[in-house]
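Written below as structure tokens is the structure these notes are about.
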Amino acid sequence: MARVTLGLVRHEARLTASLWLWAARRTHGVGGGTAFGYARGQAAMMYGFAFVCAVETVAMSVLLRDWPAVHAVVLVLDVYTVVFVVALHAASVVRPHVVGADALRIRRAAHVDLRIPRDRIASVRRELRMTHERAEGELDLAVGAQTTVTVELAEPVSHVTFLGRRHEVRVVRFHAEDPDGLVRTLGAAPLSADGV
């Protein structure tokens, strides 16, 4: 139970930090690597969901105006929901995938951050998939129900889930807005520590 609580608190802290980074137009964890976004494919849906939540907040305020105590509780929950939805999108924007000199970092909002050493990557290819069946040793991080890049590993890496469970994965599929650029960058020879 403590592990779950700690995971939830950590997730909330990352979402809050993501809102600040988004407002400041900064990214998280890119360093000297090349960033590849994935949030554009879900932006319309997330903004639409936030709008629906905002409308529901106004409707509940009208319906509960004669019950101030209940209205206050529901208002806090409704405002939190709107902020949470916007923060989820912000986390996707400010935490892009990163191709670095020694690793590929695959991310999904504030709850997935998988680091794959480049020497463990057996193959990488652009592959548009619209359906994803769960399979042992595979991780699918779809955006808008699609993935655009498939990475197969020479040896597995550990993926820690949102609630702290550990899984070994050998195939990772994820969405990138520029899959060709990501595949090209990842296929290029890695830079040495001095940038040569």
Side-chain angles (χ1 to χ4, degrees), residues 1-31 35-98 105-115 129-134 138-148 158-167 169 172-177:
M1 186 63 180
R3 182 178 66 179
V4 172
T5 303
L6 181 62
L8 291 173
V9 169
R10 192 177 312 134
H11 188 258
E12 291 292 318
R14 287 178 185 152
L15 289 178
T16 303
S18 296
L19 277 173
W20 289 110
L21 287 170
W22 193 41
R25 296 182 177 269
R26 299 179 63 193
T27 56
H28 172 271
V30 175
F36 291 91
Y38 55 89
R40 211 171 17 205
Q42 70 181 18
M45 180 188 71
M46 296 301 280
Y47 288 136
F49 190 46
F51 176 74
V52 168
C53 291
V55 169
E56 190 252 352
T57 300
V58 173
M60 291 305 290
S61 292
V62 171
L63 290 172
L64 297 175
R65 66 181 175 268
D66 294 333
W67 295 283
V70 176
H71 174 256
V73 171
V74 171
L75 180 63
V76 168
L77 292 173
D78 283 344
V79 170
Y80 170 78
T81 302
V82 173
V83 172
F84 183 80
V85 170
V86 173
L88 277 176
H89 180 62
S92 296
V93 173
V94 304
R95 296 170 184 269
H97 306 308
V98 181
R105 193 171 179 183
I106 301 170
R107 305 201 282 184
R108 177 73 192 268
H111 49 276
V112 175
D113 193 344
L114 178 65
R115 186 181 177 282
R129 292 189 108 181
M130 305 299 273
T131 58
H132 303 87
E133 294 181 17
R134 289 184 179 236
E138 295 183 3
L139 176 64
D140 296 315
L141 301 172
V143 172
Q146 69 178 12
T147 57
T148 55
S158 290
H159 164 59
V160 180
T161 66
F162 175 69
L163 296 177
R165 292 191 198 132
R166 188 172 296 274
H167 298 284
V169 294
V172 182
R173 295 183 189 90
F174 59 98
H175 177 73
E177 292 163 8

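For the numbers below, each heavy atom of this structure counts, side chains included, while hydrogens, waters and symmetry mates do not. Throughout, numbering of the chain's residues begins at 1 and tracks the sequence.
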All ring pair (Phe, Tyr, Trp, His ring centres under 6.0 Å) counterparts of Phe174, not counting sequence neighbours
His97
Only counting residues at least two apart or in another chain, list the ones meeting ring pair (Phe, Tyr, Trp, His ring centres under 6.0 Å) with His11.
His111, Phe162
Please identify each residue that fulfils salt bridge (charged side-chain N to carboxylate O under 4.0 Å, His left out) with Arg10, with sequence neighbours left out.
none
Set of residues satisfying salt bridge (charged side-chain N to carboxylate O under 4.0 Å, His left out) with respect to Asp140, sequence neighbours excluded
Arg173
I need the Arg14 CZ to Leu19 CG distance, nearest 0.5 Å.
15.0 Å
Considering residues at least two apart in sequence or located in another chain, which fulfil the side-chain hydrogen bond (donor to acceptor under 3.5 Å, both in side chains) criterion with [X]?
{"X": "His71", "value": "Ser61"}
{"X": "Arg95", "value": "Ser18, His28"}
{"X": "Thr57", "value": "none"}
{"X": "Asp78", "value": "none"}

Atom pairs and distances, side-chain donor-acceptor, residues 80-88, under 3.5 Å, sequence neighbours left out:
| unit_1 | atom_1 | unit_2 | atom_2 | d |
| --- | --- | --- | --- | --- |
| Tyr80 | OH | Glu12 | OE1 | 3.1 |
| Tyr80 | OH | Glu12 | OE2 | 2.8 |
| Thr81 | OG1 | Leu77 | O | 2.8 |

Taking the side chain as C-beta and beyond, is there a heavy-atom pair between Val98 and Arg107 under 4.5 Å?
yes
Applying side chain to side chain contact (heavy atoms under 4.5 Å, CB included), run through Leu75 and Met60 and close with a yes or a no.
CA-CA 8 Å; Leu75 180 63; Met60 291 305 290; over 6 Å; no
Please list, chain by chain and in numerical order, all residues satisfying side chain to side chain contact (heavy atoms under 4.5 Å, CB included) with Thr131, sequence neighbours excluded.
none
The criterion is side chain to side chain contact (heavy atoms under 4.5 Å, CB included); which residues satisfy it with Ala43, sequence neighbours excluded?
Tyr47, His89
Under the salt bridge (Lys or Arg N to Asp or Glu O under 4.0 Å) rule, what pairs show up with a residue in residues 35-53, not counting sequence neighbours?
Arg40-Glu177
